[in-house]
There are 2 protein chains.
Amino acid sequence: MGRHREFDVEKALDAALCVFWRKGYEGASYADLTEATGVERPALYSAFGNKEALFRQVLDRYYERYVDYIPKALEMPTSREVAAYMMSGAIDLNTRYPTHTGCLAINGVLAGSDEAEPVRQALIDSRAVAEIQLRERFERAKAEGDLPETAKPAALAAFLLAVLHGMAVQAKAGFSRDMLEAVAEQALSTWPSKSS
Amino acid sequence: MGRHREFDVEKALDAALCVFWRKGYEGASYADLTEATGVERPALYSAFGNKEALFRQVLDRYYERYVDYIPKALEMPTSREVAAYMMSGAIDLNTRYPTHTGCLAINGVLAGSDEAEPVRQALIDSRAVAEIQLRERFERAKAEGDLPETAKPAALAAFLLAVLHGMAVQAKAGFSRDMLEAVAEQALSTWPSKSS
DNA sequence: GTTTTTTCGTAACGATCGTTACAGTAACGA
DNA sequence: TCGTTACTGTAACGATCGTTACGAAAAAAC
């Protein structure tokens, strides 16, 4: 009994998902959410509860509808194919939508409000400096014969920075030093050696 | 001429650095900053300018005084030692202080205010699920002979997730799909193969 | 048709955000 | 000693944050 809901709950969740994906949890305001969903604040509260509750429902939906490659990856015949499928799935998801790049789960704590955009850009720029330094160093290594002719300095620099970024995220998540050292060891085990 | 500054600018910058390291850029409020530095708001503004300007000075100080292993790493004789030194330096910095783990530059956009802590924990938990799934899958691979006896499933799962997290950060920073695929290829090149 | 129940939108809540007048105070030059 | 200059802290600014009373509106129940 009673009045019917006038908006589509599924569509509203999808719109909220895009907002959180682009702006992160704290960076997404109710002004953003009402604009994207076309639903006024009290209606969002009565349908989904808190902002935190809304985000958790969005997160569940994200894993269910977007990160669907994980179960498929786990069914691959070999561990190497599992890893390859995981990575290609993540790459596809992280670059599929130009308006909300990256991963919602990471962006949830990595992105922020529009006012902080200059700071975010400054952090990105400062890491780009490190990448250039590494690439140039690896180009030198290639010229010196330390790296084989087939080595790609830019890819090596990007890979090393990816591992460093990933470890920084894991450290923030509470990973122990031993665990991080095991990650570094694994990363190093693939490092190309001199051809001589 | 005029009255002298009563607080130590260097000490105040260090205190602000710790706050930004722990809470990120947007998560750090002036209430936090005045409490940590012992300096009232207007004094911080007159000494450092904006919140954004303060953060940029903190970031410069961070690279100068904490991320001092990068120039040393670049001087290592081989590219492999460069990578190894970079990683061990990062690991040490990321786990040195229990009160502010991770990297300030990453935390600057990854951490947030105290109110968002439950959401952050939820995101961490959801990724922990993926790690467990991967570890169990790699344990199975080891039992099946797909992975050699020397392989460490937990380390492989942590490594794969580190690369995935790092790629998510890079995608948010605007990395192209081709660049991410090169990163994945490099990560895969070190994957342990079956012993047969 | 009347009552009941649920949803809708306006409008406001208190709190906190980053920022800044402004008055009081201390150190310098003259 | 006086005037100038710069720093100190109180206190408040307007804006925005997440959240919610509350009355109008609409659909089911009787």
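We name chains A, B, ... by the order of the sequence lines, and we start the count at 1 in each one.
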Between D:dA21, C:dC8, C:dA26, which nucleotide gets closest to the side-chain atoms of A:P42? D:dA21
For A:A28, answer base if it contacts any base atom (sugar-phosphate contacts may also be present), sugar-phosphate if it contacts only those atoms, and nothing otherwise; contact means non-hydrogen atoms under 4.0 Å. sugar-phosphate
Can a donor-acceptor pair be found between the side chains of A:S79 and B:W191 at a distance below 3.5 Å? yes
Nearest-0.5 Å distance, CD of residue A:E181 to CD of residue A:Q186: 14.5 Å
Look at B:Y45 and C:dG18 and indicate whether a side-chain polar atom (N or O) is within less than 4.0 Å of OP1 or OP2. no
Send over the distance from B:L44 CG to D:dG9 P, rounded to a whole Å. 10 Å
Should the side chain of B:R3 and the base of C:dT25 be counted as holding a donor-acceptor pair, with the cut-off at 3.5 Å? yes
How close or far is atom P of D:dA15 from atom OH of B:Y30, stated in whole angstroms? 19 Å
Could you tell me how far apart A:L33 (CG) and D:dG18 (P) are, to the nearest whole angstrom? 8 Å
Want to settle it: does B:E6 or A:V39 sit nearer the 5' end of DNA chain C, counting the closest nucleotide to each? A:V39
Ignoring backbone atoms, establish whether B:R5 has a side-chain N or O less than 4.0 Å from OP1 or OP2 of D:dC7. yes
Which of the following nucleotides, C:dT19, C:dG9, C:dC8, is nearest to the side chain of B:R41? C:dT19
Less than 4.5 Å apart, side chain to side chain, heavy atoms only: is that true for A:S176 and B:T95? no
Any-strand Watson-Crick or G-U partner of C:dA30, both distances under 3.5 Å: D:dT1
Please find out if less than 6.0 Å separates the ring center of A:Y30 from that of A:Y45. yes
Is there a side-chain polar atom (N or O) of B:N50 under 4.0 Å from OP1 or OP2 of C:dG18? no
Can you tell me how far C1' of C:dT7 sits from CZ of A:F48, to the nearest Å? 14 Å
Any side-chain N or O of B:H4 less than 4.0 Å from the OP1 or OP2 oxygen of C:dC28? yes
How many whole angstroms separate atom CD of B:E35 from atom C1' of D:dG9? 17 Å
Reckon A:E115 touches a base, only the sugar-phosphate, or nothing at all at heavy-atom distances under 4.0 Å? nothing
Given D:dC7, is OP1 or OP2 found less than 4.0 Å from the side-chain N or O atoms of B:S46? no
If you measure from the Lys or Arg side-chain nitrogens to the Asp or Glu carboxylate oxygens, is any gap between B:D92 and A:R177 under 4.0 Å? yes
Nearest-angstrom distance from the residue atom CD of A:E52 to P of D:dC17: 18 Å
